[in-house]
Amino acid sequence: MCGIVGYIGKKNSLPILIDGLKRLEYRGYDSAGVSIINDNNEIVSFKRAGKVLDLDNSIDKDKFEGTIGIGHTRWATHGVPNDINAHPHCDMEYLFTLVHNGIIENYKHIKEKLKEENYIFHTDTDTEVLANLINYHFKKTNDFEKAVRLALVEVEGTYGIACLCVKEPDKIIVARKGSPLMLGIGNEETIVSSDASAIINHTKNVIYLNDGEMAVLGRNGFHLKTVEDEDIFRDVEVLDFLLDEIEKGGYDHFMLKEICEQPDTIQNTYRGRINFDTGVAKLGGLENIADKLFNAKRIIITACGTAWHAALVGEYMIEHYCRIPTEVEYASEFRYRRPILNSDDVVILISQSGETADTLAALREAKKAGATTLGIVNVIGSTIAREVEAGTYIHAGPEIGVASTKAFTCQIMSLALITLMIAAEKGTISKRKLIDLAGDIKALPEKIKHMVNRKEEYKKVAEAFVDCRNFLYLGRGFNFPVALEGALKLKEISYIHAEGYPAAEMKHGPIALIDNDMPVVFIAPLDRTYDKIISNIEEVKARRGRIIAIANDDDKNITDYADHVLRVPHTKALLAGIINVIPLQFLAYYIAAARGLDVDKPRNLAKSVTVE
Ligand code: F6R
């Protein structure tokens with residue numbers, strides 16, 4: 001949610017900032033801007049509504065030469081996305097220039113206070129208030145670092161900031177609370193960014209800032225401290241992904257690339273974590289809480305969006321195979337509704353980014369209540385990954401497309417491994433069944449590859465539905481969350497209204513919507529609910545709905561019922577979510593692409609939602 005980049009070193013900063021913003025754009029793309037300290041020690045800024053490409057095309061590059069700079073790509077929280085509200089923002093005297101992620105919750109109160117001191121404001125943003133608050137403290141201290149610190153102590157809410165000061169032009173000051181920020185430590189240069197994608201092509205050596213910490217970046221290095229003015233020493237960590245992983249590699253969109261990567265990403269999730277001879281899974285990151293997990297009275301899984309759909313699959317898995325009562329909660333509800341938690345509960349937090357504000361708050365709530373916390377996270381070193389007691393990385397690699405695809409299947413894979421691990425220990429599953437399921441896991445990459453290779457078939461079906469205005473997705477059991485996820489994918493990127501339902505619920509309302517304009521996607525593998533699904537299909541057919549079925553390769557019967565069939569290989573119920581969602585990801589992708597939409601940057605969305 002909003003991206004920050006900053007550079008201090010010996011190179012011209014503008015190309016580095018623009019390149020960084022392009023890589024960060026998936027985090028937000030309402031508007032973008034840069035500020036640079038030029039050779040005359042003046043701060044020059046340029047910002048505009050729209051995408052980073054618009055900024056790049058319209059900026060006069062000759063006027064923006066300098067070796068220190070900051071940039072921002074915005075997802076609007078306060079104020080509409082226009083040129084004025086775009087970042088960077090300045091105080092009224094143009095001493096400070098600031099980019100900011102997050103929300104300053106008490107900005108109105110501070111604004112009123114500053115207005116009484118004759119401060120003038122030009123925008124609706126909380127960031128401009130922070131810039132003026134820094135100015136206010138600078139007037140008293142005449143010290144850039146102190147002024148930033150004192151201002152930050154006063155603000156409530158969340159921030160990741162990078163700030164320039166015309167009076168001390170050889171510095172960038174950065175700070176974080178609730179909004180990620182990391183330093184890339186290069187050779188005589190430091191790059192600051194809200195995520196690793198803007199750093200990786202300069203250096204793999206990084207330092208993550210924690211909440212309440214700041215860094216003063218100078219030409220000869222940096223120093224870290226808390227906003228309470230205590231010095232900090234932190235080891236440098238090494239990023240473990242390659243530049244290729246965050247580039248499109250010949251695909252039209254990151255989303256398509258990420259869908260097609262799933263044979264590999266699924267394997268990366270389970271590699272080295274399961275013994276295929278015994279079916280026993282072992283997750284090193286969970287060892288310190290293994291006893292608590294095996295003896296949990298209750299498991300609560302909490303997450304947002306797509307990760308919440310994965311959580312629902314997890315509920316079905318854990319109850320089915322481990323016989324532990326399991327509940328799924330929206331993180332945004334969980335944190336506010338005073339949930340009853342006990343010390344023998346295990347709370348699982350699922351998050352691709354590891355930064356989602358509501359999921360992070362739910363984690364903190366669970367820890368406060370004394371529950372054991374376990375994270376299923378993709379981004380290494382992210383806040384949730386660092387704050388949970390135990391966790392497992394899904395190893396999906398960087399997910400850049402705003403609509404989550406490969407992270408979803410890898411989250412389900414991680415949940416399957418946790419399920420097998422618990423079930424084996426508790427003896428709630430036979431040894432034979434364990435080996436069987438492990439065999440199915442091993443076969444997954446080939447099956448997914450088979451689906452990726454038939455993407456043209458899926459595309460053909462998608463092209464028949466490009467102009468539809470509504471869709472219904474129906475599934476039962478393990479496939480109900482898949483229906484929800486299929487609908488979410490479609491609405492996010494194609495802007496077609498779509499709903500997911502448990503198939504049997506259709507009769508209790510949604511059936512009223514069905515006519516020959518309503519495509520209904522049935523997830524109909526040959527499992528124990530197959531006959532029931534066929535009955536539901538007949539109900540829709542009787543009302544002239546258009547039927548798309550996700551069906552197994554060997555299901556010859558389905559063509560009697562469905563207008564279109566998206567074929568998938570067989571798998572056990574445990575892994576059905578992974579297999580059956582893939583044609584739905586392709587369906588959504590090809591419909592949106594055929595509508596000419598910017599699939600990787602759907603309107604109003606941002607990749608990681610670091611505000612409440
Ligand atoms: C949907 C999507 C979102 C995220 C949600 C949680 O395609 O990407 O619904 O799943 O914002 O994000 P994470 O997993 O980063 O916590």
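As the structure lists them, so they are numbered: ligands from 1, and atoms in each ligand from 1. None of the values given here were measured: they were computed from a predicted structure.
Note: an N/O pair closer than 3.5 Å links T306 and ligand 1 by distance alone.
Contact check on D345 versus R298 returns a salt bridge, with a Lys/Arg side-chain nitrogen under 4.0 Å from an Asp/Glu carboxylate oxygen.
With values rounded to the nearest 0.5 angstrom, I582 atom CD1 is found 12.5 Å from L566 atom CG. The distance from the CG atom of N378 to the CD1 atom of I380 is 7.5 Å, given to the nearest 0.5 Å.
Atoms of ligand 1 found under 4.0 Å from any heavy atom of Q352 (numbered from 1 in listed order, with element): 13 (P), 14 (O), 15 (O), 16 (O). Distances below 4.0 Å separate heavy atoms of A403 from the following atoms of ligand 1: 7 (O). Residue S353 has at least one heavy-atom neighbour below 4.0 Å for each of these atoms of ligand 1: 13 (P), 15 (O), 16 (O). Listed by atom number, the atoms of ligand 1 under 4.0 Å from K489 heavy atoms are 1 (C), 7 (O). Within ligand 1, the atoms closer than 4.0 Å to a non-hydrogen atom of A307 are 10 (O), 14 (O), numbered from 1 in the order shown. For ligand 1, the atoms sitting less than 4.0 Å from at least one non-hydrogen atom of E492 are 1 (C), 2 (C), 7 (O), numbered in the order shown with element in parentheses.
When each of I578, N479, I412 is checked for a side-chain contact (heavy atoms from CB on, under 4.5 Å) with V313, only I412 meets the rule. With V347 as the fixed residue, the side-chain contact (heavy atoms from CB on, under 4.5 Å) test singles out one of L363, L374, T302, V388: T302.
R603 forms a cation-pi arrangement with Y495, by the criterion of a distance under 6.0 Å to the ring centre and an angle within 45° of the ring axis.
Taking H320 as the reference, nothing meets the ring pair (Phe, Tyr, Trp, His ring centres under 6.0 Å) condition, with sequence neighbours excluded.
Which of D358, T356, V379, I376 comes nearest to atom 12 (O) of ligand 1 through a heavy atom is settled by distance: it is T356.
Heavy atoms of V402 found under 4.0 angstrom from ligand 1 belong exclusively to the backbone.
By the 4.0 Å heavy-atom criterion, E355 is excluded from the residues contacting ligand 1.
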